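One structure is given below, encoded as C-alpha cells.
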Protein chains: 2
Amino acid sequence: MSQLSEQPAGTSVPTSADVARLAGVSRATVSYVLNDNTSVRISEPTRRRVREAAADLGYVPHAAARSLRAGHTRMVLLPAARSPAGPLYQRFLTGLETGLRRLDYTVVQYGSAGMDADEAARAWAELRPVAVVSPGNIALTPYGTGVLTRSGAKAVITLGPQPVEGAHALVVDQREVGGAAVRHLLSRGRRGIGVVMPQEPGLAPFAEPRLAGAVRAVEESGADARVRPLPLRYEEESAADLAARWRTLGLDAVFAYDDEYAMLLMRALQDAGIGVPAETAVIGADDLMLGRLLRPRLSSVTMELATAQSPAEMIDRLVQSPGGAPERHYPLRATVVARESS
Amino acid sequence: MSQLSEQPAGTSVPTSADVARLAGVSRATVSYVLNDNTSVRISEPTRRRVREAAADLGYVPHAAARSLRAGHTRMVLLPAARSPAGPLYQRFLTGLETGLRRLDYTVVQYGSAGMDADEAARAWAELRPVAVVSPGNIALTPYGTGVLTRSGAKAVITLGPQPVEGAHALVVDQREVGGAAVRHLLSRGRRGIGVVMPQEPGLAPFAEPRLAGAVRAVEESGADARVRPLPLRYEEESAADLAARWRTLGLDAVFAYDDEYAMLLMRALQDAGIGVPAETAVIGADDLMLGRLLRPRLSSVTMELATAQSPAEMIDRLVQSPGGAPERHYPLRATVVARESS
DNA sequence: TTGAAAGCGCTACCAC
DNA sequence: GTGGTAGCGCTTTCAA
C-alpha cells in the first residue's frame with residue numbers, strides 16, 4: 001500500500017483547512033499561495049511549506065465551494081449532441097474546447113438524453129454555467145434561454161440551422177449546402193434534380209433547409225429545372241427500392257444529402273444498371289475520404305465555419321460584455337469539390 | 001419585454017430565500033417542499049404557495065451549493081474521448097448516459113484537450129465526481145486514480161485496452177478483434193497475413209493489441225502461417241504505396257484494422273490490379289454500413305459489449321458499496337461477419 | 001506578513 | 001406544521 005492512502009472509509013477528503021494545519025498557517029494564507037494571489041506578499045519559505053503540504057495531502061480545491069463563494073463559475077456548458085457527430089461538428093468542438101481552455105474556461109458536455117427541452121434547460125441551469133453553446137439538434141426554447149440567462153448565464157448561443165429567440169446564434173445555414181450542390185448540377189446541364197431526404201430521426205432539421213436551398217437555387221437560376229425530394233432510409237433495401245423506381249422519376253441528377261447517403265444511393269443505382277454520371281449525376285456533402293475511394297470518385301460539398309473571431313473568442317467577448325442584442329452570425333461557407341460523379 | 005425579466009445588470013439570480021420571501025415562509029419550508037421531503041408534513045396550501053413562488057421567480061436550485069451542503073455529488077464524469085468516437089463507443093455512451101440518468105446521476109463529459117494525464121485528473125477531481133469513467137484513449141495514471149479516489153470518487157473505471165492500477169476496468173481487449181480476424185483468414189486457407197497498423201496518432205493503443213492478438217492466433221493455430229505488420233496512413237497516397245509494393249510482400253490476406261482502412265486499402269489493391277479476394281483476402285472491423293456497399297462486400301469483425309450488469313448498474317453498485325478490490329471485466333465479444341472479400 | 005471571520009446557497013437538525 | 005440556524009469549503013476584507 002502506497003503512502004497516499006486510499007481513504008479507508010473513515011478518512012475524508014482534504015480541505016484547505018487541512019493544508020493550513022499541516023503547513024502551520026491559516027486558511028487565508030493557503031488560499032493566497034495556491035492561487036498565486038499577487039495583491040499580497042507571502043514569504044518564500046511559507047509558500048513552499050504550503051505547497052508541500054498541499055502536495056503531501058493530495059489536496060485538490062473544491063470547485064463547487066469556490067464558485068459558490070465567487071458568485072459565478074467559468075463553466076461553458078455544451079449540451080451533448082444527440083445523433084450524428086459529423087466531422088464538421090467534431091472539428092468545431094475540438095477547436096472550441098481548446099480555445100476556451102486557453103481562455104481559462106471549463107468546458108463540459110452535458111448529456112440530456114430523454115429530457116424535454118425545458119427540463120433539460122433547468123438541469124443545465126443548476127450548474128450555473130457562464131455560457132451555454134447548444135448544438136442544432138438540441139432543442140432550446142425561448143423559455144429555456146430565459147431560464148438560463150436568469151440563472152446567470154452570460155451568453156446563450158445556438159448553433160442550429162435556425163436562430164432561437166433571445167439567444168445569440170451561430171446560424172449554420174444548411175440552405176447554402178443545398179444551394180451549392182444544385183448550382184453545380186445546373187451548371188453541368190442537369191435539369192431533373194433529386195434531393196435525398198434522410199428518414200432517420202434527428203436529421204430533418206438539416207435535411208429540410210438543404211432541400212429549401214436546393215429549391216431556391218433552381219428558382220434563382222431561372223433554369224427550366226425541377227427539384228424532387230427523395231425520402232431514403234440509411235439501409236440497402238431502401239436504396240434499392242429507390243433505384244428500382246429511378247427511371248420512372250425522370251431525374252438526371254441527385255444531391256444525396258451527404259457522402260454516406262451518396263455512397264449508399266450510388267451503389268444502388270449502379271447495381272440497377274444506371275450509369276453514374278452518364279445517366280445520373282450524384283453529389284454528396286462533407287467531403288469524406290470515402291468519396292475519393294469510390295468509382296466514380298464522388299463529388300461533394302465541403303463546409304467550413306468562417307468566423308471573424310474564433311468561436312471561443314466570441315464567447316469570451318459575450319461573457320465579458322453581456323446584455324447586448326442577440327447576435328446572428330452566418331459563418332457557413334459551402335464549396336463544391338467536383339470529382340467524377342457529377 | 002416579457003414578465004420574466006432578463007435581469008438587466010442589477011437583478012441577481014433568485015435563491016431559495018427569494019422564494020421563501022415571496023411565498024411568506026422560511027427557507028427551510030421551501031427546501032422541504034421543492035425536494036418533496038417526506039419526513040416532514042407541509043400543508044397543501046403552503047406547498048402550492050411555495051411552488052408558485054418558485055415558478056414565478058424562475059427559481060432553479062444551485063447545484064454547487066446543494067452538493068457542498070450534501071458533502072457529495074451525483075455526478076459521473078466521462079473524460080471526452082479524444083480522437084475516434086467509433087460507433088461502438090457511441091452506442092456505449094448513449095446507453096450509459098440514459099442508464100445513469102435513470103438512476104438519478106448527472107452525466108458530464110469533460111473535455112481535457114491539451115492537458116497531461118495528471119493535470120487532467122486534478123481538473124476532474126475539482127468537480128468532486130462520485131464516479132469517473134475514462135475511455136481508453138484518455139490517459140489515466142495510477143497517480144490520477146489516487147487523486148480522484150482521494151477527492152471522493154467512489155468508483156474510477158477505465159475502458160481502455162489495458163487496465164490501470166487501482167481502478168476498476170472494463171477491459172476492451174482488442175486482442176480478441178485481431179484474433180477473430182486471423183482465425184477467420186486461416187480457416188479460409190490464407191497463410192501470409194498482413195495486419196494494418198494505422199499511423200494516425202491515438203490509434204496505437206488499439207492497433208498494437210489487435211496485432212498482438214493476430215500473432216497469438218497464428219501461434220495457437222499451429223498453422224505454418226506468418227503475420228506481418230503494415231504501417232499505413234489514412235491517405236490515398238500511403239495506400240497506393242503499399243499496394244505498389246504488395247506483390248513483393250508475399251501476402252495473401254490482410255486484416256485492415258477497421259472498415260475504413262479496409263476500404264482505403266482494398267481500393268488501392270484493386271487499382272493496382274490485385275484481385276480481392278482471389279489474390280488477397282481483406283477483412284476490416286466495426287461492420288460499418290459502408291462495408292456492405294463495397295464490391296466485393298467487405299468482411300468485418302463486429303464487436304459488442306456483453307456485460308452481465310449494464311454498465312450503469314455496475315457503476316451504481318460500485319458507488320453504493322465502494323472499497324472493494326478493483327474489478328476486471330472483459331466484456332468484448334468479437335464476431336466475424338464473412339462476406340465476399342475474404 | 002499573517003490570521004480571524006463573514007458569507008456564498010443550500011439542507012437538515014432541533015425548537016416551537 | 002413551520003422557522004431558526006449551523007455549517008459544507010472557499011475567498012477576501014479587515015485587523016493585527
Side-chain angles (χ1 to χ4, degrees), chain A residues 12-50 53-54 57-75 106 122 125-128 130 150-152, chain B residues 12-51 53-54 57-75 125-130 150-152:
Chain A
S12 125
V13 348
T15 72
S16 75
D18 296 320
V19 177
R21 196 157 27 240
L22 182 57
V25 300
S26 75
R27 284 153 68 227
T29 307
V30 171
S31 176
Y32 293 142
V33 171
L34 296 184
N35 295 314
D36 287 322
N37 188 324
T38 48
S39 76
V40 71
R41 295 246 154 276
I42 307 277
S43 71
E44 197 47 51
T46 306
R47 305 189 94 87
R48 205 175 37 245
R49 281 217 316 287
V50 169
L57 292 172
Y59 169 73
V60 175
H62 192 307
R66 173 177 288 176
S67 61
L68 186 58
R69 163 69 219 217
H72 61 260
T73 69
R74 283 187 73 79
M75 175 187 294
T106 295
R122 279 191 297 271
E126 292 192 3
L127 298 180
R128 298 289 192 270
V130 70
R150 229 168 315 114
S151 80
Chain B
S12 119
V13 347
T15 73
S16 75
D18 296 320
V19 178
R21 197 159 23 243
L22 182 57
V25 299
S26 77
R27 281 152 71 228
T29 306
V30 171
S31 175
Y32 293 142
V33 171
L34 295 184
N35 294 315
D36 286 323
N37 188 324
T38 49
S39 76
V40 72
R41 296 248 154 275
I42 307 278
S43 70
E44 198 46 52
T46 307
R47 304 188 95 87
R48 206 176 35 247
R49 282 217 315 287
V50 169
R51 285 194 217 285
L57 291 172
Y59 169 72
V60 175
H62 193 306
R66 174 177 287 175
S67 61
L68 185 59
R69 164 69 220 220
H72 60 260
T73 69
R74 283 188 73 80
M75 175 187 295
E126 292 192 1
L127 298 180
R128 297 290 190 270
V130 70
R150 231 168 312 114
S151 79

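What you are looking at is a predicted structure, and each value in this text was computed from that prediction instead of being measured. Proteins come first, then strands; the chains are lettered A, B, ... in the order of their sequence lines, and each starts at number 1.
For the atom pair A/H62 NE2 and B/S151 OG, the distance stands at 9.0 Å (nearest 0.5 Å).
Ranking C/dC10, D/dG1, C/dT2 by closeness to the A/V40 side chain, first place goes to C/dT2. You'll find that the side chain of B/R27 is closest to C/dC10, out of C/dC10, D/dT2, C/dA12. Checked against D/dG1, C/dT1, C/dT11, the side chain of B/S31 finds its nearest nucleotide in C/dT11. Of the candidate nucleotides C/dT2, D/dG4, D/dC10, D/dC10 has the atom lying nearest to any side-chain atom of A/R69. Here the nucleotide nearest the side chain of B/A65, chosen from C/dT2, C/dG9, D/dT12, is C/dG9. Residue B/A28 has its side chain nearest to C/dA12 when only C/dT2, D/dT2, C/dA12 are considered. When distances are taken from the side chain of A/Y59 to each of C/dT11, D/dT12, D/dC10, the shortest belongs to D/dC10.
One interatomic measurement links the two molecules: CZ of B/R66 to C1' of D/dG9, which rounds to 18 Å at whole-angstrom precision. Note: CG (A/L68) to C1' (C/dG7) measures 9 Å, nearest angstrom. Protein atom CG of B/D18 is 13 Å distant from nucleotide atom C1' of C/dC8, rounded to whole Å. In this entry the distance linking CZ of A/R21 with C1' of C/dG3 reads 15 Å, nearest Å. The distance between atom CD1 of A/I42 and atom C1' of D/dT12, rounded to the nearest whole Å, is 13 Å. One can place CG of A/L34 at 12 Å from C1' of D/dT11, the figure rounded to the nearest angstrom. When the P atom of C/dC8 is taken as reference, atom NE2 of A/H62 falls 18 Å away, rounded to whole Å. When rounded to the nearest whole Å, the span between CZ of A/R49 and C1' of C/dG3 equals 14 Å.
By the 4.5 Å heavy-atom criterion applied to side chains, B/V60 and A/R128 are counted as neighbours.
Residue B/S26 has a polar side-chain atom (N or O) positioned under 4.0 Å from OP1 or OP2 of D/dG3. OP1 or OP2 of C/dT2 lies within a sub-4.0 Å distance of a side-chain N or O belonging to A/S43. An OP1 or OP2 oxygen of C/dT1 is reached within less than 4.0 angstrom by no side-chain nitrogen or oxygen of A/T29. Between A/S67 and D/dC10, a side-chain N or O to OP1/OP2 separation shorter than 4.0 Å is absent. The side chain of B/N35 places an N or O atom within less than 4.0 Å of a non-bridging phosphate oxygen (OP1 or OP2) of C/dT11. A sub-4.0 Å separation between OP1 or OP2 of D/dT2 and a side-chain N or O of B/T46 is present.
Counting atom types as modelled, B/Y32 pairs a side-chain N or O with a base atom of C/dC13 as donor and acceptor under 3.5 Å.
Checked by atom type and distance alone, the side chain of B/R47 pairs as donor or acceptor with a backbone atom of B/I42 at under 3.5 Å.
Nearest heavy atoms, B/V25 versus B/V50: CG2-CG2, 3.9 Å. Shown here for B/A20 and B/R27, the closest heavy-atom pair between the two residues is CB-N, 3.7 Å. Looking at every heavy atom in both residues, A/N35 comes nearest to A/R66 through OD1-NH2, 3.4 Å.
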